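Keep in mind that what you see is a predicted model, and the values were worked out from it rather than measured. Keep in mind that the numbers below use all heavy atoms, side chains included, and drop hydrogens, waters and symmetry copies.
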Amino acid sequence: MLPKAYEPQEVEKKLVDKWQQAKLFAAHIDKNKKPFVIVIPPPNITGALHMGHASTNTLQDVLIRAHRMFGEDAYWVPGTDHGGIATQNVIEKKLAKEEHKSRHDLGREAFVQTVWDWYNDCGNAIFNQFRKMGWSLDLSDILFTMDEKRAQAVYECFRRLWEKKYIYRGKRLINWCVRCSTALSDIEVEHEQHAGKLWYLRYKGEDGSDGIVIATTRPETIYADAAIAVNPKDERYKNMVGKKVIIPLANRAIPIIADEAVELGFGTGALKITPAHDATDYEVGQRHNLPIMTVINDKGKMINCPEKYLGMDRDLCRQQTVKDLEAAGLLVKEEKYNNAVSTCYRCHNTIEPFMSEQWFVKMDELAKPAIKAAESGELRFHPESWKTPFVNWLKNLQDWCISRQIWWGHRIPVWYCRHCSQNGLTFATDQQGHEQLTKVSFEDGAKPIVSYHKPEKCPVCGGHDLVQDPDVLDTWFSSALWPMSVFGWPEKTPEMEHFYPTSVMVTGYEILYLWVARMVMMGLEFTGKLPFTDVYLNGIVRDRHGQKMSKSKGNVIDPLDMTAKYGTDAVRFSLLMQAVPSKDIPYSEDSITGARNFCNKIYNASRFILMNMEGIQGPLAMPKDITELADRWILDRYTHAIKTAREGIEKYNLALTANTLYHFLWGDFCDWYVELAKQRFQTADKEKVMALCVNILYGTLKALHPLIPFITEEIAASLRPYVGEKEEFLLNQAYPQFDPKLTDKEAVSKMALLQGVIGQIRTIRSQFNVPPALKITAVLSAKTQEELDVLKAYENYITLMAKVGDLRIGVNMEKPKQTATAVYENITIYVPLTGLIDFDKERKRLEKNLSLAKANIASREARLAQENFLKHAPQEQVEKTREELAAAKLALAQVTASLEDLA
RNA sequence: GGGCAGUUGGCGCAGCGGUAGCGCGUCCGCCUCACACGCGGAAGGUCACAGGUUCAAAUCCUGUACUGCCCACCA
């Protein structure tokens, strides 16, 4: 005998091996089939799988498996991402913790090797997690954003954009992370509200006057001030524009200028302009041709300032400056102020706007086709509400800063001749005694040679002393090419030919701009085609209260712990039941138990059916001559469930698919069909019932297979002989189809009547504490011949499901003594309960029903009294209302009669 | 400051023109020979608020109030 409860662990282990060994998920170009392709958002090689991965990859897996079963050439491309800054940070932390070393202690080459070693270990860990989750990825061929093929694609992209002059070198104010010591692009900067202060400082006039008071949140930058700006419309300062004031502590004179950028209402209306340390100020500076003076260096230390503060950390300098200003009597006041602080999206340290020469990609031309694709609807978003933000973002794009001053990543494929570029190259000796190129300046004469490999010699002077640009590319630069590079682009490979463009990109909305937008732009630029036609934005998995999961909050749920405890299918299904596009998923262990219970229900229903298969020879075809009401009904429910399940997948509403199949299998199939079938096990009908049971169950398992692959595969294997299926894997079988011939409105309405009557009897039983085993008497009084026929024809349904021993059915039946009364539509139900009836209870029950009936009558009558309703509403609706009124009136009459009897 | 979501029984959500559903929780009764990870039953909601459109609104429109998210150079 099989165990009572489903035990997933062994089953999962066994099936994962089987699937992988059978190479079930490998790419196989089949030109006769329509390709359905998803490239995985490659997880960073930074560590463990989290709930977010579990969610997004499960969604992709469901889509891939389902489309495969729909008969398409489905292929899910596996891979991982080198994850630039994030990975470098992880390794640096590890080095510091385990060996008390910094990357500089190792040197560039050794450090990069360390990361590669890490990749080789961690990569395997990631694949093992992929296996455990049952994701249909071919794990024998995992791609990596830094492997040779992908590196070639990155180079080719760089070269082509360079030749088109889209890639250029420029000196400007960029976002600098002092902690990560690198430049960042605009979207890698996050804005956080910090409780800070606003200081009011006095800049005295050069002529000895009181000068002007400004408000600032960054007093440490006063040493870099180039001007004071006021709004040209500001009457208060009109006569001061053009005069000079003295920077406190620095004692340097700067002019007062007028610029529209200054808000009249904020602070004092006067703004200090510090072009080197603030983006707005930089623009103002450009407009007024102000000098740029940098006082904070790339390490966050003070430079070019009064000697006292030289080398001081920027934060400390702020405190000291405020103290000194106060002592000098130049601090007018200090206010509490919440301001938006820019922080690094990787380490959350405060970003320093920093003047620097960097590599950029010119975006305006690249954005145009992407905007068009989104606006025209060629690129579809699920949900659609992301289309507008997407387009708006593209329309307001700044050029993309792609150079990073870190070591881990694709090295910029640009070389310099030490002879020809000597004035633009700065070298330093590192801790290993190697001379390293640390800084490149085109302004000072560096001449780029774009090449993947080190060029043989300088094309200008023929010199052999060539050095590579020290920077690496933004990790998103290689990610942007992912949907092409995975197929071998720029080569014209058969994979590129067949699988590109891909079908759908499934990812979180938090990387819509960082990643999705860039893939779209690059895809259009290099192939003329969108890299995918659909974008499915999935929500973020949060804790039960909607809080983001984080280690510091201690609310993290580890998907692998959960799969070990409840089974992978349960974890998958729990996520899918809540998978509405773009909607965040509140998640807790409780979410999983419900899904686990469902898996157990499937298991037990199957176990029961298999038990009753003993002695029956398969295969059993789906019977053709269906006459029994329950059979007609369940086939209608089944085919509708299949229809909705399929629609859910096609419309990216997997919650709909999951919930539909859940309720069909549990509510319709188990609670009603199988229960009713039990009484036919002893009859000549048995084989037909079993044929229906096994075929419907098998079909439902197929429909569920993309969602919960393990348990369905396991059970299907046992059922296969009974349905005559030869194919070993569900994935290679066809997804069930909606069959209009199985729909049966009449059966559904008859069944609803019986279910309603049974429900009323069950309620009475329960309310009067009738012992469950006790068979009771029930009298059903119908109003029409039609109803009578249904009740009579299926009285065995009622006796079984409501445990009725003596069932009397007729038209206008007499009300028995000491009876409980209920009304369902036009049927009056009497349950005589001599000795069991509690008159008080029954009176209360009836009174409740009485007021309900009255309310129903009132509302229907009111509606029917409106001439406009009769005139405008569809006839069907009017008819329905009339029927409802009649039923309510009947209920009122019956309940009133019963109440009178009680009195 | 701009934009986008959300506001439905104790909790988490679905429904998105015909008058409320699900899961969990609660309460009552059951170890009914597939399943107590179960079975049967019950209680519990004027669908945030105010207007409007319509014969009819949780469902469409407008506004308000909260909540969350995204974007933005107010020092």
- Note on the structure: Every stem of 3 or more Watson-Crick or G-U pairs under 3.5 Å that RNA chain B joins, in order of first number, is B:1-7 with B:65-71, B:10-13 with B:21-24, B:26-30 with B:38-42, B:48-52 with B:60-64
- Task: For A:Tyr509 and B:rG3, give me the distance from atom OH to atom P, rounded to whole Å.
- Result: 20 Å
- Task: List in numerical order all residues of residues 763-774 of chain A for which some heavy atom is under 4.0 Å away from an atom belonging to RNA chain B.
- Result: A:Thr763, A:Ser766, A:Gln767, A:Pro772
- Message: Between A:Lys197 and A:Glu334, does any NZ, NE, NH1 or NH2 come within less than 4.0 Å of an OD or OE carboxylate oxygen?
- Response: yes
- Item | Salt bridge A:Arg845-A:Glu842, side-chain N to carboxylate O under 4.0 Å | yes
- Salt-bridge contact A:Lys395-A:Glu375 (side-chain N to carboxylate O under 4.0 Å): yes
- Would you mind telling me which of B:rC69, B:rC35, B:rC13 lies closest to the side-chain atoms of A:Pro586? B:rC13
- Which one, B:rA72, B:rU19, B:rA14, comes nearest to the side chain of A:His191? B:rA72
- Query: Quick one: does A:Arg202's side chain have a donor or acceptor within less than 3.5 Å of a partner on A:Ile214's backbone?
  - Reply: no
- Query: Aromatic ring centroids of A:Phe381 and A:Trp386 under 6.0 Å?
  - Reply: no
- Message: Quick check on contacts: within residues 667-675 of chain A, what sits under 4.0 Å from RNA chain B by heavy-atom distance?
- Response: A:Cys670, A:Asp671, A:Glu675
- Does A:Lys601 make a side-chain donor-acceptor contact with the base of B:rC35, cut-off 3.5 Å? yes
- Check whether any side-chain nitrogen or oxygen of A:Lys848 sits under 4.0 Å from OP1 or OP2 of B:rA43, and answer yes or no. yes
- Task: Keeping the roles fixed (side chain from A:Asp543, backbone from A:Met549), state whether a donor-acceptor pair exists under 3.5 Å.
- Result: no
